[in-house]
Every structure is written in C-alpha cells, then in structure tokens.
Amino acid sequence: MNKFTTASFIKSKKEGHKISMLTAYDYSTAKLVDEAGVDSILVGDSLGMVVLGYDNTLQVTLEDMIHHTKAVARGVKRALVIGDMPFLSYHVSVEETIKNAGRLIQEGNAHAVKLEGGKEIIDKVEALVKAQIPVVGHLGLTPQSVNMMGGFKVQGKNEAQAKKIIDDAKLLQEAGAFAIVLECIPEKLAKLVSESVDIPTIGIGAGKYCDGQVLVTQDMLGMYSDFTPKFVKKYIDMGTSIREAVVSYCQEIQEGVFPEEKHTFTIDEETMKKLY
Ligand code: KIV
C-alpha cells in the first residue's frame, strides 16, 4: 500500500487523478475512511460545528485541533493527514504561526497544515514551508472570516473578488503551498483558478473542474442536520439509521429482548451456590 504524500498531490494533478479528501475528527471514522481508500483526511476546524456544537469555527482552539488530529492520525495508514490551523493561531506573528503549526505536526502527528487566506498570510505560508511544514491554502469562503464576510456566502462572484482569488492562488503556489482548497466559488472561476496554478485545487462547493474534492464526512453520511449546504451530496442517510437503531435498542431493553444469551457471561453453579 503506497502512502499518499504531498508529492502524490502534485503527481495526481499531472496525471489527471482526481484527489479525494474527507474530514475526520476521531480514530474510528478516520480508520474507516482510510480503509475505504480516501487520498487525504482533513481534520477540519469544522469540528467546532459538527463535533462540538458551536455555531461556527471561531471558538475552536489549537488544543482542540491537536487532540482530534492525534486521534485521527492513530487511525490512518495511507491517507495524508492535514490539520487545520484554528482562528488566531496564525494571525499574530510568524513565530507563533511556526510554533503552533509545529505542534500540530509534532503532537498531533499531522503531515501538513491548512491555513485560510491569501496575500494577507503569505509571509506565514513562506515561513512554514521554510520550516519544512507542508501547507495547504484555503480560498473563497473562508469560514474563519465569517464576521468580515457577513455570513457564509458564495465568494468570487464579482470581478474584484474573482481576481483576488486568482492572484491569491498564484501567491500561495509561489510561497510553496502544495494544494489549495477552494470553497464556495462559482464553477467557472474554480476552473480558471485550477488552470492558473500547477498545484492541485480541492473543491468544496466549487464544481467539477477542481483537481480534487473535499466534503465534511458527517454531511455526506447524513449525520449532521443543523445546516446542509447546497454543495453537499448525501451518500447515505446515517442519521435516520442511527435514530432507528437507538429506538430498537431502547425498545428491546424494555421488552427484555436485549441482552440475549450470546451477549452474557456464565459462572459455574457451585460458585453461585456459595454466594447465597
Ligand atoms: O474545516 C473544514 O472542514 C474545512 C473544509 C470544509 C474544507 O475547512
């Protein structure tokens, strides 16, 4: 089994292999997703909403990210694990950025980190790459900027925004990023961005011309119902299956159907007699 590496990202784009990426936040999900053959696993700060129940990603801390990245890394044999840098962990200074990203690699066992933004964080991306930390960029809808953007909205629909996304993608490539996530931008713009850089683009709500796709696993499995964006395809309705299974479990406890003999342990009669 060949590990999927940062070099595999670049090779995939050259050879036309579309990169598959999913999020995971825990050991068992990471193991399942890795065994199924996904190329890369993102420990996204979307864990703030999907796992921790926050309204957005802003409250997620570096400690949260390290904790969940560690768990994911323990379950993965082949996929490339990317740890998301949370809000304010890469905004203060280059030094802090390197230390924080370093913790995701050293303590979290991530293979790479992801940062949101373009020109405004380019000095941090350059410094991370110099420090031998592989970087994935993230352009378009960058959820950590939700308050600046005035909500979770499609980005790059006007000329100025679209031009900035193209320029930022080129800057990220020059700074040494090995891939760029494009979130919630028009398909035609994502195609142009993908054609403008040699590093792969990974789309989420950015159409089919990206060099790969990423989804939040809980979204595509139908396990997270608070909000389902237009770009999500549900491959299975696990939410309904889980609820039905729990209803059966509760009923069977009441009816004495569960546990059955095969779920119980025995003790010899002689020992039992001595206990009365
Ligand atoms: O946090 C996350 O899961 C992400 C993806 C939506 C790309 O950044």
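Note that ligands are numbered from 1 as they come in the structure, with each ligand's atoms numbered from 1 the same way.
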*Counting heavy atoms not belonging to Phe152, are there more than 12 under 6.0 Å from its CZ?*
yes
*Which atoms of ligand 1 are found less than 4.0 Å from any heavy atom of Gly44?*
1 (O), 2 (C), 3 (O)
*Taking only heavy atoms of His138 into account, list the atoms of ligand 1 that are under 4.0 Å away from them.*
8 (O)
[atom] - nearest protein heavy atom and its distance:
| atom | value |
| --- | --- |
| atom 6 (C) of ligand 1 | Ile204 CD1, 3.6 Å |
| atom 4 (C) of ligand 1 | Leu42 CD2, 3.6 Å |
| atom 3 (O) of ligand 1 | Ser46 OG, 2.5 Å |
| atom 8 (O) of ligand 1 | Lys114 NZ, 3.0 Å |

So is [X] polar-close to ligand 1, meaning N/O to N/O under 3.5 Å?
| X | result |
| --- | --- |
| Thr23 | no |
| Asp84 | yes |
| Glu183 | no |

*At a 4.0 Å cut-off, with the gap strictly under it, does some heavy atom of Met21 reach an atom of ligand 1?*
no
Please answer whether the main-chain N or O of [Y] pairs with a side-chain N or O of [X] as donor and acceptor at a distance below 3.5 Å.
| X | Y | value |
| --- | --- | --- |
| His68 | Tyr25 | yes |
| Ser196 | Ile166 | no |
| Thr201 | Asp211 | yes |

*Can you check whether Thr217 reaches Thr29 side chain to side chain, under 4.5 Å on heavy atoms?*
yes
*asked:* If you compare all heavy atoms of Glu187 against all heavy atoms of Lys208, which two are closest, and at what distance to 0.1 Å?
replied: OE2-N, 3.0 Å
*Start with the C-alpha gap between Ile202 and Phe9, add the side-chain angles, then the distance that decides, and say whether side chain to side chain contact (heavy atoms under 4.5 Å, CB included) holds.*
CA-CA 10 Å; Ile202 311 294; Phe9 268 72; 4.2 Å; yes
